[in-house]
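Before any comments, here is the structure.
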Amino acid sequence: MYKPVSSKVDFVKLEHEQLKFWEKADIFNKLRKKNENGPRWSFLDGPITANNPMGVHHAWGRTLKDVFNRYHGMLGHYMRYQNGFDCQGLWVEVEVEKELGFKSKTDIETYGVEKFVQACKDRVIKYSKVQTEQSKRLGYWMDWDNSYYTMSDENNYTIWHFLKKCHERGMIYKGHDVMPWCPRCGSAMSEHEIATEGYKELTHKTVFVKFYLKEKPDEALLVWTTTPWTLAANTAAAVNVEMDYVKVEAKAKVEYYYLAKELTNILTGDYKIVEELKGKDLLGLKYHGPFDELPAQKGVEHFVIAWDEVSDSDGTGIVHIAPGCGKEDFALSKENDIAIIAPIDEFGNYLENYDFLTGKNCQEVNSEIFDNLKEKGICYKIDQITHRYPTCWRHGTELVFRLVDEWFISMEPIREDMMKVVGQISWIPAWGYDREMDWLRNMGDWMISKKRYWGLSLPIWQCGECGHFEVIGGKEELKARAVAGWEEFEGHSPHKPHIDNIEIKCSKCGAKSKRIPDVGNPWLDAGIVPYSTMHYITDHDYWKQWFPADFITESLPGQFRNWFYSLLAMSTVLENTAPFKTVLGHALVKDETGKDMHKSAGNAIPFHDAADHMGVDVMRWMYTAHNPEYNLNFGYGPADEIRKKMLTLWNMYSFYVTYADIDRYDPTKQKVAYTKLNELDKWALAKIHAFIKEAREDYDSFRVERLMRKFEMLLEEMSNWYVRRSRRRFWKSGNDIDKMGAYYTLYNILRTMISVLAPILPFVTEDIYQNLVLSVDKKAPQSVHLQEFPVADESLIDTELLDKIDIIIKAVEMGRSARNKANIRTRQPLANMLFKAKSEKEKGYILELADQIKEELNIKNITLVDDIRDYVEYEAKPNFVTLGKKIGKQMPLAIKGLKEMDGETVAAAVQRGEALMVNGISIDPADIQIAMREKEHIVAVEDRGYVAILDIRISEELKAEGLVRDLVRHIQTLRKEADFNVDDRIALNLKSPDSLTEALELNRDYLLGETLAEFAEISEQESEIRKEINVGNEIIIVNIKRI
RNA sequence: GGGCUUAUAGCUCAGUUGGUUAGAGCGCACGCCUGAUAAGCGUGAGGUCGCUAGUUCAAAUCUAGCUAGGCCCA
């Protein structure tokens, strides 16, 4: 016996119950045990940053991960189920700084690096626990006690191994370069960091400055800059040698300016062009720098150099060059032997030797600089510009460009190899390949150092005497090389500050080498995981069994240059092969209206809110049904739509259980052979098995959104055709083979659906399974997730039968359409429907299954016809508006003529697009409107060559039947109001006017059968229910009571 | 400026290798059902498939250009 199932269901409550059940019955471990000898399937988890609670955007990726893990679990695969946490990096430091109220690196130093690093570790531990609990709530089945942490010793030391390999190939170098720099972090930003979310639309003050020529004191170069603070570091001006320049005479003040010919529109006041020249004519001109008086500028020669990138699209065509403040500027300094001045410290403050600027922040000195330039008479004009400017992804502060020493991996030696490796991977969507290749073609060297505290300790030891540096490849090697500090370090993780105490002997000069103070780029931490978490170094056999991963899935936009990139780079260096075979990318989660979710905008939905209010199965359905290539609009509105679909499944299940209990149906004992099933059952089974087949294909190709589309269609068909068409088979009394067939089929439909959907909707399918299957079959697997994934029986996919039912459904749809058009409700029986099919085959199907159509449409007869001319005629009318404009006064003649012509002939001509001659007037077919006019008593509907024609004449007999059906419906309502059970039999007493007696008499059996009643005399006292009912225009008094 | 990508109904999206009159859900209108019922179902309206040109017997689909948006790189 089944547990009764209410049609009202609380999915969230149900999910909590199933979580408890899985926990208590240890289902996940039973699954692992069951599959331990199965073929391996290697999923590799991209680590989630353990820095905050999980968001609904994380839940998308984690749902996909879980879905494919669960599917492969049902295929019997042995898996690792290892989740990963990303632990190290600036994002954690930033949150900890916030907690502690720190403003800068100085605060951290004061607080103590050891305590600070510990606080970072603590934060990671705290949030990894929060995320673990949230993931469990999502139904994410992982080996939670065995999650990997990128801060682990093994992870860090495996990166050391990688870096040493790089060094052996000569790829590690210290770069002296201008880098984008965040004054708030006190650190450089790598390309990757800025590219992700760095650029903002900002408005800045700009200034046009006059650089007077040394040789000609009344002539000046006009130079434009958007970063006035860098003028203090100017050492050159650049022109494009091919471009056209002009020398203009300023009328107001007799002096001359040089600028690009195309940019004279920036000039103020009257001017006159006195000379045209090429950029090359300006080369080598010496000029007075804008801040020659600063001590830092002492001895610097300023002159004009050439640069191809100079354009005349904005500014003046003469570019201010400050090699200490710009990347390109710095590169130019190497080619042109110009001076390099680096003006600011790590917080963006001017260094010594900058006079009034010293100690001031470079981002706050605009007005002082402008005043100074005006005083010196070299300010031409001040303006402003709105442009995209790089900012810090954490602080939002504007970046400055600063000359620093950073450590890099040279990517040139592996660029070609990496591109080959990319080709080994299956990218979903396929354009992922092109995106990754584009990034690889353009990638610069990888900056791996950061002047911060919490992260990988870069294993680079540099000699204080000779500058020679060495890369250490692991803990043992370090121990062997250590000449100082090992004792203090022993027992600590390889993090700052303890690691910094260790000194080694320089292998070149024998002096002491110390570790560089920098920490590593966090993408090193994540990129190494196919090696570290699979124990590449510590258990190589194990690694061989699991590497490469079969599958990874992550959010697309950033990862081409982040995780995918670091995975590929590191694996190319270590093994020259791809670390994963297939990658499925998904886009971003937006709010319901497509806007970014932001806490501050109030449109963000925290994970726990969504889980508690919509339920995680609904969320999982939403994630899996969506094409992952595009952004997902997440919200309670879309969730409601999905909830309704889930209710359809639930209601089918509840319907089955209700009736199976009444009839004590047991699917394990009362099986029905395929040959004994009726057409409808066989059709349902054909659908179901086709679904299994397609579901496997979709899971195997990682396209679950296709699966979900098919599922939604199947669910609709099963609910609105199979169950509805079969309802009477369940209601009828007795337990014949037809009824058993219905139960058996519906049981199989439900069981198959929940088995196929179990990976996607793990909770509701489990809940259904526990009752549907386990209540009657104690030998079945203990959980829906411990079953084997269903196998399609292709012999049951009867395509002819599928076609057959399709045409029946079509005929029914058209019949309904006709009824709607005639405004006659289904309850009123009609005598006949004529139907025009398109092939002999279809006619055969209709004849064979005519009963189903008749029942659905409540019609007495269906007739197949070929020629519909007896029922409808075509009628041609002119399009008065368009034709009237053309022929004007001839209209009446045309109307008359058209009326007299045979509609059929006109329709045919119009169809062919031929002009018609009507009473001597040529009429364009576009000016004729063809209508189908039904003859009397006829309603016709046409669709794609099919025609359904309803005879809407209602005889007395049909009318009577309609009345009785009305009465039946009222009695059914009474039964329900009285809380009778659906199978209670009743005594019925009617007091009706004479006019209805005959109608009742004619349909007596129908009335009694439908209401489970027998006529009986009941006095008003005995009657449980008495009601006056309006039927037609008469009143009937109904008394009923249970017997 | 370069790469990738998108443009289909009021909204969110399908449309596999070109092939009858381009589909679904939601919303809307009208209605049905009342033994899945604070549910369920049907019918309908609504689209020159961003624009232009080309290839083809045939283009939402292929090609080129243009316009607008997104992501990325300069």
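Treat the numbers as computed from the prediction; the structure is a model and nothing was measured. In what follows, every heavy atom counts, from backbone to side chain, and hydrogens, waters and symmetry copies are set aside. Order of the sequence lines sets the chain letters (A, B, ...), proteins ahead of strands, with each chain counted from 1.
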C1'-based separation of B/C4 from B/G42 [nearest Å]: 45 Å
message: So A/N627, base contact, sugar-phosphate only, or nothing? Heavy-atom distance under 4.0 Å.
response: sugar-phosphate
task: Scan A/T593 against the nucleic acid and name what it touches under 4.0 Å (heavy atoms): base, sugar-phosphate only, or nothing.
output: nothing
task: Considering only atom C1', compute the distance from B/C72 to B/C11 and round it to an integer number of Å.
output: 29 Å
field: Closest to side chain of A/T826, choosing from B/A36, B/U12, B/C32
entry: B/C32
B/G47 versus B/A7 - spacing of their C1' atoms, nearest Å: 14 Å
OP1 or OP2 of B/A38 under 4.0 Å from side-chain N/O of A/K8: yes
task: Flag the pair A/F330 / A/F401 as yes when their ring centroid distance falls below 6.0 Å, and as no otherwise.
output: no
message: Check the phosphate of B/C41 against A/R816, side-chain N and O only, distance under 4.0 Å to OP1 or OP2. Yes or no?
response: no
query: Rounding to the closest angstrom, what is the interatomic distance between B/A45 and B/A24 at atom P?
result: 12 Å
- request: Using the C1' atom on both, measure B/A60 against B/U16 and round to a whole Å.
  value: 14 Å
field: NZ/NE/NH1/NH2 to OD/OE distance under 4.0 Å, A/R703 and A/E705
entry: yes
Atom P, compared across B/U37 and B/C41: separation rounded to whole Å: 13 Å
- line: Its dot-bracket string being built from Watson-Crick and G-U pairs below 3.5 Å, with | for another strand and [ ] for crossing, RNA chain B has the pattern (((((((..((((.....[...)))).(((((.......))))).....(((((..]....)))))))))))).
message: Side chain of A/S817, heavy atoms from C-beta onward: which of B/A36, B/G44, B/A14 has the nearest atom to it?
response: B/G44
message: So for A/S719 and B/A36, does any side-chain atom that can act as donor or acceptor lie under 3.5 Å from a complementary atom in the base?
response: yes
task: Can you spot which of A/V5, A/I754, A/L14 makes a side-chain contact (heavy atoms from CB on, under 4.5 Å) with A/I768?
output: A/I754
query: Quick one: is A/T658 getting a side-chain N or O under 4.0 Å of the B/G35 phosphate, OP1 or OP2?
result: no
field: B/G42 OP1/OP2 closer than 4.0 Å to side-chain N/O of A/N720
entry: yes
- request: Using the P atom as the reference point in each nucleotide, state the distance between B/G27 and B/A59 in Å, no decimals.
  value: 37 Å
Sugar-phosphate, base or nothing in reach of A/R727, heavy atoms under 4.0 Å: base
query: Only one of A/Y747, A/Y743, A/Y2 clears side-chain hydrogen bond (donor to acceptor under 3.5 Å, both in side chains) with A/Y656; which?
result: A/Y2
- prompt: Looking at A/L746, A/T658, A/L772, which one forms a side-chain contact (heavy atoms from CB on, under 4.5 Å) with A/Y653?
  reply: A/L772
- request: Answer yes or no: is there an ion pair linking A/E694 with A/R706, defined by an N-O contact shorter than 4.0 Å?
  value: no
field: Given B/G25, B/G40, B/G2, the nucleotide with the shortest approach to the side chain of A/D438
entry: B/G2
message: With a sphere of 6.0 Å drawn around NZ of A/K693, does it hold more than 12 non-hydrogen atoms of other residues, nucleotides or ligands?
response: no
message: For A/F634 together with A/W60, are the ring centres under 6.0 Å from each other?
response: no
task: Please determine, for the side chain of A/R435, which listed nucleotide (B/A39, B/C4, B/A14) has the closest atom?
output: B/C4
message: Classify A/E697 by what it touches in the nucleic acid, base, sugar-phosphate, or nothing, heavy-atom distance under 4.0 Å.
response: nothing
message: So A/E712, base contact, sugar-phosphate only, or nothing? Heavy-atom distance under 4.0 Å.
response: nothing
- prompt: Taking the side chain of A/E813 as heavy atoms from C-beta outward, which of B/G25, B/U43, B/C72 is closest to it?
  reply: B/U43
- request: Establish, with yes or no, whether the OP1 or OP2 oxygen of B/A39 is under 4.0 angstrom from a side-chain nitrogen or oxygen of A/N651.
  value: no
